[in-house]
Engineer: 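Here you go, one structure.
Side chains included, hydrogens not; waters and symmetry mates left out as well; all remaining heavy atoms used. A, B, ... follow the sequence lines: proteins, then strands. Residue 1 opens every chain.
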Amino acid sequence: MKTVVLVSGARHPVSRRPALTRLEAQAASLAAKLGGTVRGLHAGPSDDQLREALGHGLGEADWLEIEDRVDPVPALIDHLKAAAPDIVIAGRRGEGTGDTGLVPYALAEALDMPIIADVVGVSPGAGSGTVSIEQALKKGARRRLVVQLPVLVTIHPLAPPPSPFAFAAARRGTIRHERIEATGLPTAKPSPFVERPYRARPKMMRQAGAGQAGEKAVLVGPTPEEAAERILAFLEDNGIRRYSA
Amino acid sequence: MTPAAFLPYLILAMVVLAGLRLGQRVMLWRGGRAAHVDWMAGLKALPKRYLVDVHQVVDRDKSASRMHVPVAGGLVLASGLLVLGLVPALAASRLYWTLVTLAFLVMVAGVVLVARRRYPQPMARLSVGRWQRFPIYLAAFGLGGLVTAGLAAIGNPLPALSFVTLVIAAGGGLKLAFDAASGPIRHALAGATHLVAHPRPNRFDHDEAKGRSTGLQSIDLNAETLGAKTPSDFAWNRLLAFDACVQCGRCEAACPAFAAGQPLSPKHLIADLAAASSGGHHRPYGGHAYPNERPVAGEGGLHAKVISPDGMIHPDTIWSCTTCRACVEECPMMIEHVDAIVELRRFQTLELGAVPLKAEEPLSHYRGCDEPNGRALAERTDFAAGLRLPVLKPGERADVLLWLGQAAYDLRGQRTLRALIQCLQAAGVDYAVLGEDERDCGDLARRLGDEATFQRLARENIAALGSVTFNRILTADPHALHVLRNEYPAFGGTYDVVHHTAFLAEMVAAGQLTPQALSGRAITYHDPCYLGRYNGETEAPRALLDALGLERREMARSGKRSMCCGGGGGAPSADIPGDTRIPDIRMGQAKETGATTVAVACPQCTAMLEGVTGERPEVKDVAELLWEAVQASATAAPRDSRKAKELEPA
Ligand code: SF4
Ligand code: SF4
């Protein structure tokens, strides 16, 4: 069986650096467990996400280098047509700057493959040329499907957790690099917006200034002099009134 | 020939037999990785290393030093003298035999002292089994030699008895020689060779700062295997070190994980590693089992995987360690347990990704955003909103660079940092922070075996530090201090790093901060492992606390021999369950002093000790105590001057 795991150009939600999404790490681990030949595939400007996927169990990958903002779908279609995989596994949503989450659907349509969303398990089917797929439905329900290969599936977060990242595996894995010329490919217009991660305003902490360190005593029936002295001391300590000014 | 005349030949036979047996062991050591050893310097330093460094540790247990000097000294002296007995003229001299008798007498006296530690009841931390039988062989050799030589000294009046005692001496002596490579006596030659070829020779250099010999050593990330999978992945002198262990159990008695009932005993671990290279324990291990022992197959081999339920050591064992170095501090054989543990962890993490479930998260955050807690670097200074924290831009300079560390993300740690910053402002220090350019120092990643992440962070931090100018780095986190001071130089970043306790003590001594006495409070100071043991800094925080007029009480374990809070080495992330928790044990010790406050100097210790439930002393960082005292003097002073003013208007 030939499996291809699609890796998107996702970014880390905090640092905005290229990063593999958890879903795709789950996809990589699922594919590695399935056996057969497994390759990662990414079309985009950097191979960082692919490198990370190698650390989660993919042995090999193909990187179709295209410029930022160039539509990756035509390059992916060409590649997948030639590679003719039995199963293509993808994430199910965009987690990067320009991702739409529609790539798996566009590919399934172009390659004329059935697409099955929200998959939590894939195992070889009973008949030859089939796989048994477990699909997550609402409210924790599951459905088992037996489908004819080839098929494209997207992964659900409830799929088994990804196998942990191993640096040595990422280092040993091989990435085949191919540059795709952008001429003639659809290109997104530069966005007029600047994107910044949401950032909560820092909270002002009440400061343990010199003023509040004073005693919070309750004075019962103080003499007028004493009471006045306390009030003046409070005003002075909190910078509301200054004698020295 | 008299029976005594055979004694020199017995010694020769023992030397040959021991040599043959040791030869096999040497071949095993050679199966380890190559290591650079300066033999000449090591040999030259051997007497000092033995007589000063080893003795200092051995002497903490007087019964050990008192027995070892006569046993080892007597054995070596008697054997040496006996070899001279091959000269016929000497062999005929009664004076010579008197000398030999005296040497044996010294040895026998020592054996009596050895036996007293083991019979009728062995001390709890000692191993039994072959170690319990060891004094019997020593006694046979010593007593047999004593009587044989003694009779020769008085003219050999009872040849039959001499013959019997010669046979006894030969039995004991040959057994000792036979065991030279596999039995307890192995520690003698392996130990001496280990002192010569020690993998960290600078730990014996007392003029050098302590931290220089405690930083973890880096590995080449392009090497074929990362970390240690099999015994042969250790450097050869590390294999040698494992063989030097005398199973005295001092490390085990000091180990916080062992005390808390986690499946770790440094002594057992070293014994396992020594046994692993030659195919497992040939006889049952004679010490305490790992607490809550996880079953392992116990199979080993020079090229067999060590850490595995099918191997010698269960993974939970190495993940229980807090890297507190208490074991290293206590080991009379100068064995470096932490290095071995980290080397084994490196293989698990880098090659297999087999980290404990909970430790995966911080490591994955590290890879994603440089902070183990998954927070944005830009949020590090948020806690100080309103404190006007100066941030250094590339090209700018400040006298003191304040390294905030992870504490800046933690509510409790922020209280400490705020106190520190306020002290700095009150003292008029020219300080600044790196802001967004400060990444985590990588301490946690490195101790969890993720050397790749550590090295990346080290390089990026060094680049950020190189873009600004400062004289010193100040930090309130001993882990960051240790890493910046002792582990970054390997990557080209050498800095003058000062811990906040030392820095604040300096400020107070110089009169830049004038705290008022906080008398009437009894405190006890908990030494952070990474400050006290790793860097030898135990005085400055105490001096500062004394300057605050606090009544300082010491816990039984303090200074360089302090007990860990359980927070280091990624142990809280690995979270291997035990019978109790390390911080509970430590807090119990603090309570025993009767102190109402535990003074701490590390955000990890603060978090661990504050996590102890129930009635307990309050936990305060030294900086918080100082700021409290500075405030007390600030509020005291203006009030007096105001009183004077109020008289005027009338
Ligand atoms: S490792 Fe060191 S302290 Fe521990 S038992 Fe062996 S010799 Fe003793
Ligand atoms: S470093 Fe500390 S926790 Fe680890 S084995 Fe040694 S004593 Fe035990």
Side-chain angles (χ1 to χ4, degrees), chain A residues 10-22 25 29 48-49 51-52 54-57 161-172 196-215 225 228-230 232-237 239 241-244, chain B residues 221-227 346-355 357 359-360 363-365 367-371 374-379 381-387 411 414-415 418-419 422 426 449-453 624 627-628 630-632 634-635 638-639 641-643 645-646 648-649:
Chain A
R11 298 195 164 253
H12 192 272
V14 175
S15 68
R16 311 301 292 164
R17 286 205 297 250
L20 187 74
T21 70
R22 182 178 157 90
S29 309
D48 294 339
Q49 293 95 342
R51 219 6 101 204
E52 214 180 320
L54 295 179
H56 284 283
S163 48
F165 176 85
F167 171 79
R171 188 190 58 164
R172 288 205 184 97
R196 262 187 294 138
Y198 166 75
R199 172 135 152 64
R201 266 169 153 286
K203 283 199 198 72
M204 287 283 258
M205 292 288 177
R206 197 167 62 91
Q207 275 185 49
Q212 281 136 4
E215 322 80 297
E225 286 80 3
E229 190 188 317
R230 286 305 183 92
L232 287 172
F234 178 82
L235 295 178
E236 164 122 326
D237 285 349
R241 171 181 175 156
R242 295 222 189 280
Y243 282 95
S244 41
Chain B
L221 290 175
N222 295 315
E224 204 177 313
T225 331
L226 303 176
R346 282 173 175 165
F347 179 78
Q348 296 294 105
T349 306
L350 295 172
E351 291 279 352
L352 305 178
V355 292
L357 207 61
E360 270 176 35
L363 291 182
S364 113
H365 284 320
R367 284 194 303 278
C369 62
D370 302 341
E371 267 300 320
R375 301 272 300 274
L377 296 177
E379 286 171 24
T381 48
D382 281 6
F383 77 97
L387 278 183
L411 278 178
Q414 293 168 2
R415 292 220 306 267
R418 221 172 288 127
Q422 281 165 318
D450 190 350
E451 184 71 7
T453 295
E624 292 180 286
W627 179 238
E628 204 180 303
V630 171
Q631 269 186 307
T635 43
R639 194 146 300 166
S641 57
R642 167 162 22 79
K643 272 211 182 93
K645 272 189 204 131
E646 274 186 320
E648 281 166 24

Engineer: Would you call B/Asp382 and B/Arg375 a salt bridge, taking side-chain N to carboxylate O under 4.0 Å as the test?
Structural biologist: no
Engineer: For chain B, which of A/Ala19, A/Pro164, A/Pro161 has the most heavy-atom pairs under 4.5 Å?
Structural biologist: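 Looking at each of A/Ala19, A/Pro164, A/Pro161 in turn, A/Pro164 comes out on top.
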Engineer: Do you know which of B/Leu377, B/Leu221, B/Val355 has the most heavy-atom pairs under 4.5 Å to chain A?
Structural biologist: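 Most heavy-atom pairs under 4.5 Å with chain A: B/Leu221.
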Engineer: For B/Asp370, which atoms come within 4.5 Å of any heavy atom of chain A: side chain, backbone, both, or neither?
Structural biologist: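 Both parts, heavy atoms under 4.5 Å.
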Engineer: Kindly write out the residues that satisfy side chain to side chain contact (heavy atoms under 4.5 Å, CB included) with A/Ala169, not counting sequence neighbours, or none if the list is empty.
Structural biologist: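 Once residues adjacent in sequence are excluded, the partners of A/Ala169 under the side chain to side chain contact (heavy atoms under 4.5 Å, CB included) criterion are A/Ala166.
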Engineer: With only heavy atoms counted, which part of B/Glu360 is less than 4.5 Å from chain A, the side chain, the backbone, both or neither?
Structural biologist: side chain
Engineer: So how far is it from B/Glu451 CD to B/Leu226 CG, rounded to the nearest 0.5 Å?
Structural biologist: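 That separation rounds to 9.5 Å.
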Engineer: Among all residues two or more places apart in sequence or in another chain, which pass the side-chain hydrogen bond (donor to acceptor under 3.5 Å, both in side chains) test with A/Glu52?
Structural biologist: none
Engineer: Using heavy-atom distances under 4.5 Å, tell me whether B/Ala426 contacts chain A through its side chain, its backbone, both, or neither.
Structural biologist: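 Looking at B/Ala426, nothing touches chain A.
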Engineer: Output the option from B/Arg367, B/Glu379, B/His365 having the highest count of non-hydrogen pairs under 4.5 Å with chain A.
Structural biologist: B/Arg367
Engineer: Would you give the length of the straight line joining atom CG of B/Leu352 to atom CZ of A/Phe167, rounded to the nearest 0.5 angstrom?
Structural biologist: 14.5 Å
Engineer: Measure distances from B/Ala419 to the heavy atoms of chain A and classify the residue's part below 4.5 Å as side chain, backbone, both or neither.
Structural biologist: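 Neither part, no heavy atoms under 4.5 Å.
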Engineer: Which distance, rounded to the nearest 0.5 Å, do you find between the CD of A/Gln49 and the CZ of A/Arg11?
Structural biologist: 7.0 Å
